[in-house]
Amino acid sequence: MNEDHPQAAGRTYWQSLNELANTPGVRAAIENEFPNYDPNEMVGTSRRRFLQLAGASMALAGVTLTGCRRWPKENVVAQSSRPQDRIPGVPEQYATAFELGGYAQPLLVSSYDGRPIKVEGNPIHPLCATFVGQKRQLGASTIHAQASLLEMYDPERSRSVLHYTNTNRREAGTIDAFLTAFAAKAKSGKIAILSEATSSPTTQDAFKRFVTKFAGAKVYEFEPISTDNQYAADKQAFGQPVRQVFSLAKADRIVSFDADILGLHPYSLRHANDWAKRRKSADTDKTMNRMYVVESGFSTTGTVADERFPASVHVIEQMVLQLAHKAGLESGQGGLDARQVAFIDKLWKDIEAHSGKVVIAGGSHLRPDVLGVINAINGKLGAIGATIDLRPETDRPTHVEQIRALVDSINAGNVDALLILGGNPAFDAPADLEFGGAISKVSSKG
């Protein structure tokens, strides 16, 4: 700023070089910027007059804004008979379940006049509820369950049945018309359903009745990120398909080999409640669980670990085999450095001293034989039936085997109609299957 300029004393700043030049034309423009503004008049205005002007301005703004935001005309038809126990404007809660990767998460959904607006965990379901003394705590829900509510209000969500022809898209009528056309196509028997993983008895029963009604129809299941490796390892170890359910509230020592049991595990809420309960027990009975985490990347479980050991997936698998060697189940393992061996030695001494109260979990991306070794170690330590419950599952091929069988059937000309229930296999199916190219050979797909 030029100290000799007349405006320098007031320490003002210029918005342009013309204003800095302070020419007569610029001064006139500045003075006429607000032609109806008189500061002297504003100073002399009474408080009553000022409020009158402000109120008139707000009223005028309200009229104009209301006119700009006029809602379209709608015809509202009253219900001829109101549903039982429903009062307009009063929220309702109903129990439901959100399924992700074949694992159901029990929920309570709050609904206003038929519109779901809030999702919470079901507090009376064992996967959500937890006890502190005799008091039952409220349930919770995962971030995925919360996000599922947004799908109800997705502006891109289809509102009708659409028919695609090359790059053209048009409405194809009602759902009933679609079902009629699909049923006619299904009579040929060359029909297939590709579904996301589900453990719903109702859905599985519907699939069975569908296959019974349409002879030759087949149902396939596929998830791009699945627990197939764990499924295969459990089937091999226990002689039948089972699902492991951890009881962390009974565990004094918890070991995670790249398994985010408090974050990404389908039962993470149950695990987090049980784990936190044992941490809080230190305030009363002076005992507390201890968690060891060996992982290839930061996870929710790793952030709360008492001891965290970073390692690559290959090294993690070698450390599992070294732990099995300490348990007398495997031969000695090479390739580990002194620090990794020392950690496994320390880990084994601790968990062996707490046999029967140990949980060892492995990430579902580890090799099936490595996960089988973890099962053997849990069995050696008496965890099966104590801290790990086994729940029977339906026997099935792996997801990769199923979608490969579907693609082979399509390429052989055995599929005239394909119904895809959820997912986007053209994007996330194994690349070597070329699912996008195979689906183009199906005459009817939806």
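Residues P368 and N229 form a side-chain contact, since some pair of their non-hydrogen atoms from C-beta on lies under 4.5 Å apart. Residues W348 and H325 are not in side-chain contact: their nearest non-hydrogen atoms beyond the backbone lie 4.5 Å or more apart. Side-chain contact between Y292 and D350: present, with at least one pair of heavy atoms (C-beta onward) separated by less than 4.5 Å. A heavy-atom distance below 4.5 Å is found between the side chains of I388 and V359. Proximity of M291 to L262: side-chain heavy atoms (C-beta onward) are separated by under 4.5 Å at one or more points. Between D258 and E295 there is a side-chain heavy-atom pair separated by less than 4.5 Å. Contact annotation: the side chain of L323 approaches that of I351 to within less than 4.5 Å [non-hydrogen atoms, C-beta and beyond]. Proximity of D395 to Q240: side-chain heavy atoms (C-beta onward) are nowhere separated by under 4.5 Å.
Remark: side-chain polar atoms of N414 are not paired, donor with acceptor, to backbone N or O of K190 under 3.5 angstrom. In this structure, the side chain of S256 does not engage the main chain of V293 through any donor-acceptor pair within 3.5 Å. At least one donor-acceptor pair closer than 3.5 Å links the side chain of T212 to the backbone N or O of K208.
A salt bridge links R279 with D306: at least one charged nitrogen is closer than 4.0 Å to a carboxylate oxygen. A salt bridge links D252 with R278: at least one charged nitrogen is closer than 4.0 Å to a carboxylate oxygen. Comment: D228 does not engage K235 in a salt bridge, judged by the lack of any side-chain N to carboxylate O separation of less than 4.0 angstrom. Under 4.0 Å is where a charged nitrogen must lie from a carboxylate oxygen, and between K326 and E352 no such pair does.
Heavy-atom neighbours of I117 CD1 from other residues, nucleotides or ligands within 6.0 Å: above the threshold of 12. In this structure, Q93 places its CD atom where more than 12 heavy-atom neighbours from other residues, nucleotides or ligands lie under 6.0 Å away. At most 12 heavy atoms of other shown residues, nucleotides or ligands fall within 6.0 angstrom of atom CD in Q236. Other residues, nucleotides and ligands contribute only 12 or fewer heavy atoms inside 6.0 Å of the CZ atom of F427.
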Problem set entry | CA sep, side-chain torsions, deciding dist, call: L381, I360, side-chain contact (heavy atoms from CB on, under 4.5 Å) | CA-CA 10 Å; L381 295 172; I360 303 178; 3.9 Å; yes
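Here the closest heavy-atom approach between residue A429 and residue F435 is recorded as CB-CB, 4.1 Å. Residues S296 and I316 come closest through the heavy atom pair N-CD1, 3.7 Å.
A side-chain donor-acceptor contact under 3.5 Å links T301 and D260. Side chains of N375 and Q244: a donor on one and an acceptor on the other come within 3.5 Å. Checked by atom type, the side-chain pair S199/E99 shows a donor-acceptor distance below 3.5 Å. Side-chain contact, T142 with Q105: a donor N or O sits under 3.5 Å from an acceptor N or O.
With rounding to the nearest 0.5 angstrom, the NZ atom of K357 is 13.5 Å from the OG atom of S247. To the nearest 0.5 Å, the span separating CG on N378 from OG1 on T387 amounts to 6.5 Å.
Checked against ring-ring contact (aromatic ring centres under 6.0 Å, His included), Y220 has no partners two or more places apart in sequence or in another chain. Considering only residues two or more places apart in sequence or on other chains, R209 meets the salt bridge (Lys or Arg N to Asp or Glu O under 4.0 Å) condition with D205. Y103 is linked by a ring-ring contact (aromatic ring centres under 6.0 Å, His included) to Y267, counting only residues two or more places apart in sequence or in another chain.
Under the side chain to side chain donor-acceptor pair (under 3.5 Å) test applied with H399, the options E196, E223, E221 reduce to a single match, E221.
Under the ring pair (Phe, Tyr, Trp, His ring centres under 6.0 Å) criterion, the residue pairs touching residues 226-256 are F246-H271, with sequence neighbours excluded. Within the structure, side chain to side chain donor-acceptor pair (under 3.5 Å) pairs that include any residue of residues 146-155 comprise S141-Q146 (at least two apart or interchain). Within the structure, ring pair (Phe, Tyr, Trp, His ring centres under 6.0 Å) pairs that include any residue of residues 194-215 comprise F210-F214 (at least two apart or interchain).
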